[in-house]
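Worksheet for the structure shown next.
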Amino acid sequence: MVSSLVSKNQISLNTHDPAQISLPADAQYQHQQFCQIWSFSGELVGRSQGAPAERLLPAEDTGFRNITQNGERLRVFAIVNRDLGGQVMVGDSLAMRDKLVHDVVAGFLWPALVILPVMAALIWFATARGLAPLDQLARQLEGRKVSDLGALPEGPSPPREIRPVTRALNDLLHRLAIARSRERDFISYAAHELKTPLAGLKMQAHVARRAEDDATRDHALAAIERSVTRTDRMVRQLLDLARVEQRKGETAGTDPGAVARQTLADLTDLADRRGVALGLDLPEERHEIASDEFLLTLALRNLIENAIQATPSGGEVRLALSLDGSRCTFDLRDGGTGLPEAIRARATEKFVKGTQFDDSGSGLGLAIATDALETLGGELRFEMLPDGHHTRIALPV
Amino acid sequence: MRLLVVEDDEVLADGLQVGLRMAGFTPDTVGTLEDARAALAGTEYGAIVLDLMLPDGSGLDLLAELRREGRREPILLLTARDGVSDRIAGLDAGADDYLGKPFDLDELAARLRALARRAEGRAEAVITVNGLSVDPGARRATFDGRDLNLSRREFSVLLALVERPGRVLAKSDIEERLYGWGEEIESNAIEVHIHHLRSKLGRDFIETLRGIGYRIRPKEALPSRSVSASS
């Protein structure tokens, strides 16, 4: 700075009276900075107020130097200006510098020490306030009974941030409540349905105990056996139904021909007992479709079982599989008369029974098949044709 | 007593058919509302045992239908759904009694006898007429204090006659109460049973009204005997 003043001829180097140069200085940090200007001839051309009178650095010396003069530590910078023929030295007291640094640090530190706890308190308060609705929601959920699936209150002025969460939770609760009530209805229905075979068993046991002749007793015991077999089938179907409802419709490569063959093979015993012949027509080539083998098996088994039960002794149940680009179709022909008019509309509901079977079913078979096919994205149709009653199952490929 | 049992479960229906017969009833069993209507059109039943859930509809529908037609047969509902609200709905629809599945055969028989008794306008379980006591529950009859040894059919004929003393029962009425469907009725079977009863009760106890039928002879027409009891 002083050098530039000299360069701009604002300070003359030719005066014999050393000029008093005034430098900007804060009252507190007075005498901090000072300068000396020496001519090459060894005269002090000028010095600032507070600058020592003695030469600080030897002539011709340039650059930064730390020196001690009169017991005071100084830092001095010197340049030599040949055009003007002088050496300019600028310096300040290191003690003053340290004080400045100390004051600056102290000036920052004290406000920081005061402001930081205040800021922390403010942040803590704001966060707690912002999270209060979440806390409230959590408490509401914690305090809930398992059986309580009612909607959460959205409050008079719910914070906007929490509203989507509450709404999504309420939607989930609603769906859970529906599923739960459906399950409860089903369990109660199933329990009631099991009471009828139990009543039959109790009645026949009573008859068997009181029977006065062997024929009556044997008849009752045979009825008990029959009833146990049937009740067992009903329990199996209830389990199947529960399993169908668990399935989500994940698909894997399934060979519908193999499923059909295996299912028919499993039902040969039943068909033999009822004097019904089983037939299967498969396409020449083997195909795979994306389907759930378990569900397909379940649907086919229940429909074929129904077909066998509906067919009079000496009749035939025939299953034909056909595949084209977009559809896989099973055509199941039986010798029955189809679903009775009275129950046709309700036939796919659970526990609705036909009347034409002498070994009446549980009323679950068609419900299982319908549920399974629905999960598979398939369709079920019934049709009465001159050659017999047809059940058509169409599945996506 | 001739009963109509409407129950679609094959094993239970068969058990009721055999069990109720053993308990002294004459049951006819059907499995659908349609068959029940057909049976009711042709036969008079002492009581109806009606299941609620049937393949072609609800038993309650048949119940309401019968009551609308003014039929007064006692009706006992059988059902797997035996909650209080179900029982109320059944009784309010015109049923006389209600039994939840599974049930005891003896209880069903006792309730049916009670229904028959009320339908006849009696309160006491044992029917007493002209020195004859008939206990339909125990299927026992005593005459002047001694046990009568009666066959199943003889007891049924006697019970039919004493249920309303003085009423004349045609031979066909008695046959109808004694024989279910498909049972062979020999042409003179009723005459044979009446003959056996007379040999145990005395000639005059049962009166024959020629061309009309049979009845218990009213006490004023029995001058030779002192009468100790009445209906």
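Just so it is clear, the values below take in all heavy atoms, side chains as well, and ignore hydrogens, waters and symmetry mates. Order of the sequence lines sets the chain letters (A, B, ...), proteins ahead of strands, with each chain counted from 1. Everything quoted here is computed from the prediction, not taken from an experiment.
- The number of heavy atoms from other shown groups lying within 6.0 Å of CD (A:Glu383) is above 12.
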Inset, instruction - Apply the test side-chain contact (heavy atoms from CB on, under 4.5 Å) to residues A:Leu198 and B:Lys101: give CA-CA distance (whole Å), side-chain angles for both, the deciding distance (0.1 Å), then the verdict. - result: CA-CA 8 Å; A:Leu198 283 180; B:Lys101 292 176 185 174; over 6 Å; no
Legend entry - Criterion side-chain contact (heavy atoms from CB on, under 4.5 Å) on B:Met53 and A:Thr196, from CA distance to verdict: CA-CA 10 Å; B:Met53 266 192 286; A:Thr196 296; over 6 Å; no
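- The environment of B:Glu191 atom CD is dense: over 12 non-hydrogen atoms of other residues, nucleotides or ligands sit within 6.0 angstrom.
- Atom NZ of A:Lys202 sits about 5.0 Å away from atom CG of B:Asp104, to the nearest 0.5 Å.
- B:Asn149 CG: 12 or fewer foreign heavy atoms inside a 6.0 Å radius.
- Other residues, nucleotides and ligands contribute at most 12 non-hydrogen atoms within 6.0 Å of the CD atom of A:Glu374.
- With a 4.5 angstrom heavy-atom cutoff, A:Ala220 does not touch chain B via any of its atoms.
- When heavy atoms are compared at a cutoff of 4.5 Å, B:Leu16 approaches chain A by way of both its backbone and its side chain.
- Taking CZ from B:Arg21 and OG1 from A:Thr216, the interatomic distance works out to 11.0 Å, rounded to the nearest 0.5 Å.
- With a 4.5 Å cut-off on non-hydrogen atoms, B:Asp51 does not touch chain A at all.
- The structure places NE2 of A:His206 at 11.0 Å from CZ of B:Phe103, a figure rounded to the nearest 0.5 Å.
- With a 4.5 Å cut-off on non-hydrogen atoms, A:Ser227 touches chain B through its backbone and its side chain both.
- Around atom CD of A:Glu225, no more than 12 heavy atoms belonging to other residues, nucleotides or ligands sit under 6.0 Å away.
- The 12-atom threshold is not exceeded at CD of A:Glu212, counting heavy atoms of other residues, nucleotides or ligands nearer than 6.0 Å.
- Between A:Arg210 atom CZ and B:Leu105 atom CG the span is 7.0 Å, to the nearest 0.5 Å.
- With a 4.5 Å cut-off on non-hydrogen atoms, B:Glu34 does not touch chain A at all.
- A distance of 9.5 Å separates CG of A:Leu201 from CG of B:Leu12, quoted to the nearest 0.5 Å.
- With respect to the salt-bridge test (charged N to carboxylate O, under 4.0 angstrom), the residues B:Asp9 and A:Arg230 qualify.
- Put simply, of A:Ala199, A:Ala208, A:Ala223, the one with the most heavy-atom pairs under 4.5 Å next to chain B is A:Ala199.
- Expressed to the nearest 0.5 Å, how far CD of B:Gln17 lies from CE of A:Met203 amounts to 12.5 Å.
- No more than 12 heavy atoms of other residues, nucleotides or ligands shown are found within 6.0 angstrom of CZ on B:Arg140.
- When the shell of 6.0 Å around CZ of B:Arg72 is examined, it contains 12 or fewer heavy atoms from other residues, nucleotides or ligands.
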